[in-house]
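We use all heavy atoms of the structure for the numbers below, so side chains are in, but hydrogens, waters and symmetry mates are not.
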Amino acid sequence: MVVTTPDRAGVSGSPAFRLAYVPGVTPGKWVRIWEERRPDAPLELVALEVAECADAIGQGSVQMAITRLPDALRHGEAGPHHTIELYKETTVVVVPKDHVLTAGDELTLADLADEQFLWPLDEPVSGFVDPAGRVAPTERSEDAGGSAGRVAPTERSEDAGGSAGRVAPTERSEDAAYRGRPGTAIDHRPETTGDAIELVAAGIGVLLVPQSLARLHHRKDLVYRPVTDAPTGTVGLLWPDPTTELADEFIGIVRGRKATSSRGQSEPAPKRSAREKAAAKRAARESAGKIPGKSARKKPGVRPKRR
């Protein structure tokens, strides 16, 4: 889906600045500031999935992306690029409204140890560390037996404690994407977070997502709770190298840089000579009524007292 500012692209004759954003991100405030500062440069919003952002940057179809990092870079080739982290996202667990976990206002991973989890292919939460200290991988590899858009299947074993519809965690290979994650992974991986939300509502399992995605997919029959010790996601900017003038302008807006302080707005003031500085200082003193030596002058008709 592509969203553009109405009838603006091409009106001024300037090329549009194409800005991608991913689900859960709300760039509205920054877009409004852009329109106030740069009416000469139309801004075009492009809605993308996280997995699409790197390729979009690398191919030049967008000039910048507000996306989840470093996840976006695992799914494509961005080419020479820059990134800036903007903010951290709270991780929450999404459960049915009548679930026992709703009794607490906050949860920990230990509270979720007995739950069955849905892990959608768009991978909204990553960064879990297995007991050996390795970060659980999120890449999908055809060399490992997977296929496009799917992860390599894992074996189920009744002898190892598995059962139909469930995967025994001890049977997963060293390359599996589930090590270090809480609970038991459900064998089926939904294509998207939206699909996973539907399965949570059906009572199939629970789901860990950034809070912004839980809000985006809000349903009356579901609730979410913060998981205080779960890995947090990062939302940031991704753009190609070298940085263009318009990209630098948007970075300044996001960082709160004022219009008058934007880099390149004006040339620095020339340095003054010592004589010019002294003249300016004297002028300032005179305008304030502080002329040097004035206080020491004798007043008419008044003689100084002798000691």
Side-chain angles (χ1 to χ4, degrees), residues 22-26 49-51 68 71 87-131 135-138 140 150-151 153-154 156-158 160-172 176-235:
V22 298
V25 170
T26 53
E49 297 296 328
V50 172
R68 292 184 174 87
D71 301 339
Y87 57 87
K88 296 288 186 181
E89 292 190 290
T90 300
T91 298
V92 302
V93 61
V94 181
V95 299
K97 194 173 183 179
D98 58 353
H99 198 284
V100 65
L101 291 176
T102 60
D105 293 332
E106 293 182 341
L107 301 171
T108 65
L109 292 175
D111 297 325
L112 309 177
D114 297 329
E115 300 300 322
Q116 294 197 76
F117 279 83
L118 290 156
W119 298 103
L121 291 174
D122 57 6
E123 203 68 47
V125 175
S126 60
F128 288 95
V129 179
D130 71 13
V135 177
T138 57
R140 296 189 290 273
R150 302 180 60 120
V151 293
T154 52
R156 293 190 295 264
S157 172
E158 296 292 340
S163 58
R166 302 186 66 168
V167 180
T170 56
E171 285 296 304
R172 298 191 178 276
Y178 298 94
R179 286 191 174 274
R181 299 187 182 187
T184 302
I186 294 174
D187 190 31
H188 171 67
R189 296 196 70 183
E191 289 288 333
T192 67
T193 298
D195 295 335
I197 290 287
E198 296 294 328
L199 294 177
V200 174
I204 303 300
V206 302
L207 175 67
L208 284 175
V209 291
Q211 184 170 300
S212 62
L213 288 180
R215 290 173 174 171
L216 178 66
H217 296 287
H218 173 70
R219 292 174 51 121
K220 292 182 179 180
D221 54 348
L222 299 179
V223 296
Y224 61 85
R225 293 288 187 268
V227 183
T228 57
D229 56 348
T232 56
T234 299
V235 171

**Item:** Check: R68 side chain, T234 main-chain N or O, donor-acceptor pair, under 3.5 Å
**Value:** no

**Exceeds 12 heavy-atom contacts within 6.0 angstrom, atom CG of D221** = yes

**Request:** Kindly give the heavy-atom pair with the smallest separation between L101 and H99, and that separation in Å.
**Result:** N-ND1, 3.0 Å

**Asked** Would H188 and I204 satisfy side chain to side chain contact (heavy atoms under 4.5 Å, CB included), going step by step from the backbone distance to the final call?
**Response** CA-CA 10 Å; H188 171 67; I204 303 300; over 6 Å; no

**Request:** Report the distance from atom NE2 of H217 to atom CZ of R215, rounding to the nearest 0.5 Å.
**Result:** 13.5 Å

**Request:** Scan side-chain atoms only and decide if S212 and E89 contain a donor-acceptor pair under the 3.5 Å cut-off.
**Result:** yes

**Request:** Taking the side chain as every heavy atom from C-beta outward, state whether E198 and R219 have any pair of such atoms under 4.5 Å apart.
**Result:** yes

**Message:** How close do L216 and P23 get, counting heavy atoms only, and between which atoms?
**Reply:** CD2-CB, 3.7 Å

**Prompt:** Nearest 0.5 Å, what's the OG1-CG distance between T228 and L107?
**Reply:** 8.0 Å

**Message:** For a 4.5 angstrom cut-off between non-hydrogen side-chain atoms, does R225 reach D111?
**Reply:** no

**Asked** Roughly how far apart are L222 CG and T102 OG1, rounded to 0.5 Å?
**Response** 11.5 Å

**Asked** Any donor and acceptor pair, going by atom type alone, linking the side chain of D229 with main-chain N or O of L109 inside 3.5 Å?
**Response** yes

**Prompt:** Among V92, T108, L112, which residue meets the side-chain contact (heavy atoms from CB on, under 4.5 Å) test with V227?
**Reply:** L112

**Request:** Could you tell me which non-hydrogen atom of P190 sits nearest to which non-hydrogen atom of L118, and how far apart they are?
**Result:** CG-CD2, 4.1 Å

**Message:** Quick check for you: to the nearest 0.5 Å, what is the distance between L213 atom CG and L207 atom CG?
**Reply:** 9.0 Å

**Asked** Which atom names give the shortest non-hydrogen contact between A214 and V94, and what distance separates them?
**Response** CB-CG2, 4.1 Å

**Prompt:** Tell me, do W119 and L208 make a side-chain contact under 4.5 Å, heavy atoms counted?
**Reply:** yes

